[in-house]
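Just so it is clear, the model here is predicted, and its values are computed rather than measured.
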Amino acid sequence: MSVDDMKAGIQALTEGRYRKAVELLTACYQKNATFRVNYLLTQALAKAGDYVAAYATAKDYPQEYLENDDYFVQYIECGCRAGAVLEIAMLLTGISRYLSVTEKERFRGVIEQATVQYWKDQSGTVTQVMNQLAHCGGEEVLTQRQRVKASAALVPQQFVEASRLPLIDPAVHPLVRATLMDDLRRLAVSHPVMMQPLMGPPQEVVPEELKALDDISVVRHYRKEIVGCRSEEPLALRLQRYAEVRLKLMVLYPFQDDVIDDVERWQLILLNQQDKLSALEQEKAHLLEKNIQQWRV
């Protein structure tokens with residue numbers, strides 16, 4: 001990293017020549033990606049109005065931003081102005097036990113202000129995004145996924161309300177429903193919500209009480225059985241096979257324990273080993289395969 005470029009980048013940032021600062025500090029960061037340069041480059045990108053790049057840059061050093069309240073304020077502002085409001089809210093939820101009342105109030109205030117500024121810059125509105133998510137069951141799977149992606153700019157209360165209908169709509173892809181429920185879990189939603197499983201009638205779920213997919217015992221069991229087994233098969237192939245199984249387990253989320261009554265038989269179903277399955281098991285395997293194929297279109 002050139003000391004002269006670093007000084008010039010800081011001077012350009014100080015003087016309000018933000019594009020020049022971005023150019024110089026980017027060159028410095030490419031040569032020596034320290035947190036100090038990251039912080040300055042993130043500032044320059046944000047001042048230049050490129051919040052998406054600013055947030056992507058800041059995410060290289062999340063722990064360092066978390067260790068200082070003023071740094072974290074910049075992280076929050078960049079994330080919300082980049083449209084990652086829910087992601088920031090989930091992060092704040094995850095660390096809330098370590099924050100003082102004053103810090104919580106400050107950070108929530110930053111989220112609120114930055115989110116207002118984000119929506120001022122958008123052509124769409126909060127109401128449109130909420131309605132599109134709420135009624136995404138009438139759309140193709142790819143469009144459903146886009147609706148979920150767009151909902152990342154909603155604040156938690158808006159997201160909870162907008163996700164209520166798609167969670168119980170059988171026309172919404174199971175992986176979309178599972179993604180919505182996992183987001184509610186990460187937001188620590190403590191009241192019951194209804195969700196349509198892949199198989200069976202809607203059930204009541206308390207998101208805050210759920211585990212992340214990879215922390216569910218049956219999911220950990222299949223990873224151990226498929227990836228951790230003693231086999232001469234290359235590890236890459238075992239990981240690929242498990243990735244397929246994991247995706248199917250996500251289709252069942254968060255009802256794996258209700259559905260998987262025999263882990264050995266279900267391993268055959270998840271691996272789609274048709275010649276070893278009963279007629280009913282073949283139907284289950286086919287249903288999972290069908291949903292995975294729809295997801296990959």
Side-chain angles (χ1 to χ4, degrees), residues 52 80 82-90 115-116 118-208 210 212-213 243-244 246-256 258-259 269-270 272 283-297:
V52 173
C80 292
V85 181
L86 276 184
E87 187 173 283
I88 293 295
M90 291 171 187
T115 303
V116 168
Y118 169 81
W119 283 107
K120 283 183 178 179
D121 297 334
Q122 303 306 305
S123 57
T125 66
V126 169
T127 301
Q128 288 174 333
V129 171
M130 290 181 66
N131 286 338
Q132 288 173 344
L133 178 61
H135 303 289
C136 69
E139 308 284 358
E140 297 292 333
V141 174
L142 179 59
T143 304
Q144 292 180 19
R145 296 171 67 173
Q146 292 169 342
R147 301 301 188 222
V148 174
K149 184 176 180 180
S151 72
L154 299 173
V155 297
Q157 300 93 320
Q158 295 163 346
F159 178 77
V160 171
E161 174 60 26
S163 63
R164 184 175 57 84
L165 288 178
L167 278 172
I168 59 173
D169 186 350
V172 172
H173 194 280
L175 280 172
V176 171
R177 297 198 301 266
T179 298
L180 294 175
M181 181 55 72
D182 190 52
D183 285 345
L184 294 179
R185 176 192 66 82
R186 294 173 64 196
L187 290 168
V189 172
S190 58
H191 60 79
V193 298
M194 296 299 294
M195 181 179 180
Q196 173 64 53
L198 176 66
M199 296 172 278
Q203 295 186 38
E204 191 174 79
V205 178
V206 179
E208 186 181 41
L210 299 175
L213 180 70
E244 186 88 6
R246 184 183 182 278
L247 193 58
K248 291 177 180 177
L249 289 167
M250 187 67 181
V251 170
L252 299 173
Y253 185 83
F255 305 107
Q256 290 90 343
D258 297 334
V259 174
I269 293 170
L270 292 165
N272 196 28
E283 289 180 14
K284 295 175 181 178
H286 176 72
L287 180 60
L288 288 169
E289 286 290 326
K290 176 183 175 182
N291 277 281
I292 297 303
Q293 292 303 318
Q294 290 173 341
W295 186 253
R296 288 176 171 159
V297 171

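Contact between Ala153 and Thr115 at its shortest, heavy atoms only, is O-CG2, 4.2 Å. Closest approach of Ala89 to Leu187, counting heavy atoms only: CB-CD2, 4.0 Å. Summarising the geometry of Leu86 relative to Ser151, their closest heavy-atom pair is CD1-O, 3.5 Å, with the distance given to 0.1 Å. Of all the heavy atoms in Cys80 and Val85, the pair that sits closest is O-CG2, 4.0 Å. Shown here for Val172 and Gly137, the closest heavy-atom pair between the two residues is CG2-CA, 3.6 Å. Listed here is the closest heavy atom pair of Asn272 and Ala285: OD1-CB, 3.5 Å.
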Exercise. Evaluate the side chain to side chain contact (heavy atoms under 4.5 Å, CB included) criterion for residues Met90 and Asp183: first the C-alpha distance (whole Å), next the side-chain angles of each, then the deciding distance (0.1 Å), finally the verdict.
Key: CA-CA 8 Å; Met90 291 171 187; Asp183 285 345; 3.4 Å; yes

Practice problem: Would you please test Glu87 and Lys149 for salt bridge (charged side-chain N to carboxylate O under 4.0 Å, His left out) and show each step? | Solution: CA-CA 11 Å; Glu87 187 173 283; Lys149 184 176 180 180; over 6 Å; no

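Gln256 contributes a side-chain N or O that, together with a main-chain N or O of Leu249, makes up a donor-acceptor pair within less than 3.5 Å. At least one donor-acceptor pair closer than 3.5 Å links the side chain of Gln196 to the backbone N or O of Gly200. Judged by distance alone, the side chain of Gln144 and the main-chain N or O of Ala171 form a donor-acceptor pair under 3.5 Å. Put simply, the side chain of Glu139 never gets that close to the backbone of Cys136: no donor and acceptor are under 3.5 Å apart. In terms of modelled atom types and a separation under 3.5 Å, the side chain of Gln293 and the main chain of Lys290 share no donor-acceptor contact.
Atom-to-atom distance recorded for Met250:CE and Asn291:CG is 13.0 Å, nearest 0.5 angstrom. The CG atom of Leu175 lies 5.0 Å from the CG atom of Leu247; values are rounded to the nearest 0.5 Å. The line from CZ of Arg185 to CG of Leu180 is 13.5 Å long, rounded to the nearest 0.5 Å. Between atom NE2 of residue His173 and atom CH2 of residue Trp295 there is a gap of 6.5 Å, rounded to the nearest 0.5 Å. Taking CZ of Arg147 as the start and CD of Gln132 as the end, the distance is 4.0 Å to the nearest 0.5 Å. One finds the NZ atom of Lys284 at 14.0 Å from the NZ atom of Lys248 (value rounded to the nearest 0.5 Å).
Between Asp258 and Gln203, the closest side-chain pair of non-hydrogen atoms falls below 4.5 Å. In this structure, Val129 and Trp119 have side chains that are in contact, with non-hydrogen atoms separated by less than 4.5 Å. For the pair Asp182 and Arg186, the minimum side-chain heavy-atom distance is below 4.5 Å. Residues Thr179 and Tyr253 fail the side-chain proximity criterion, which asks for heavy atoms closer than 4.5 Å. Looking at heavy atoms from C-beta onward, Val193 lies out of side-chain contact with Glu204 at the 4.5 angstrom threshold. Counting heavy atoms from C-beta on, the side chains of Phe255 and Met195 come closer than 4.5 Å. For the pair Pro207/Met181, a side-chain contact is recorded, criterion being any heavy-atom separation below 4.5 Å from C-beta on. At least one side-chain heavy atom of Met199 sits less than 4.5 Å from a side-chain heavy atom of Leu287.
The environment of CD in Glu140 is sparse: at most 12 heavy-atom neighbours from other residues, nucleotides or ligands sit within 6.0 Å.
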